[in-house]
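One structure below.
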Amino acid sequence: MSRIGKLPIKIPAGVTVDIKNAVVTVKGPKGELKTNYQSGITVKIEDNEIIVTRASDEKNHRSFHGLTRALIA
């Protein structure tokens, strides 16, 4: 598993995260950011943290796993 991709992202106080249709929207006191993610990558919220996982060890999924996590963070 990707060393970067396996790290959870903590959600700070005052920040809201919405995940719909392969788009992650993060809203906070300084503005709003949106990013898309590829199929085969799963983004979910658990215990005030964002968890990014991949469906398999295919090269395409491995390459987007860490990238997706880094873009959301």
Side-chain angles (χ1 to χ4, degrees):
M1 188 175 249
S2 169
R3 286 183 275 166
I4 293 173
K6 70 180 180 180
L7 299 173
I9 305 165
K10 295 193 185 275
I11 302 173
V15 175
T16 60
V17 179
D18 187 35
I19 303 170
K20 286 186 184 173
N21 300 325
V23 176
V24 178
T25 305
V26 180
K27 294 180 187 176
K30 295 184 178 181
E32 175 182 336
L33 295 173
K34 292 182 182 184
T35 188
N36 298 334
Y37 58 91
Q38 300 288 322
S39 61
I41 302 296
T42 305
V43 180
K44 58 186 173 182
I45 300 172
E46 292 181 359
D47 299 328
N48 207 28
E49 292 181 333
I50 301 171
I51 309 294
V52 180
T53 56
R54 65 180 183 233
S56 69
D57 281 335
E58 292 180 17
K59 184 177 180 177
N60 190 27
H61 293 160
R62 286 183 303 180
S63 62
F64 284 113
H65 185 205
L67 174 68
T68 302
R69 190 259 179 216
L71 289 174
I72 294 171

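In what follows, residues are counted from 1 in the order of the sequence shown.
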ILVMFWY cluster, [X] and [Y] together (side-chain gap under 4.5 Å):
X: Ile19; Y: Leu71; result: yes
X: Val15; Y: Val43; result: yes
X: Ile45; Y: Tyr37; result: yes
X: Ile51; Y: Leu67; result: no

Taking all heavy atoms of Pro29 and all of Gly14, pick out the closest pair and write down the distance.
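Reported closest heavy-atom pair: CD-O, 3.7 Å.
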Between His61 and Ser56, what is the shortest heavy-atom contact and its length?
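Residues His61 and Ser56, closest heavy atoms: ND1-OG, 2.8 Å.
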Qualifying side-chain hydrogen bond (donor to acceptor under 3.5 Å, both in side chains) pairs with a residue from residues 7-25, counting only residues at least two apart or across chains
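Sorted pair list: Lys10-Glu49.
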Applying side chain to side chain contact (heavy atoms under 4.5 Å, CB included), name anything that partners Ala73, two or more places apart in sequence or on another chain.
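Partners of Ala73 under the side chain to side chain contact (heavy atoms under 4.5 Å, CB included) test: Ile9, Arg69.
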Looking at residues at least two apart in the chain, or sitting in another chain, which of them share a salt bridge (Lys or Arg N to Asp or Glu O under 4.0 Å) with Lys44?
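Applying salt bridge (Lys or Arg N to Asp or Glu O under 4.0 Å) to Lys44 gives Glu46.
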Roughly how far, to the nearest 0.5 Å, is the CD1 atom of Ile72 from the OG1 atom of Thr35?
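That separation rounds to 6.5 Å.
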Please say which of Ile4, Val52, Asn60, Asp57 ends up in a side chain to side chain contact (heavy atoms under 4.5 Å, CB included) with His65.
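Among the candidates, only Val52 passes.
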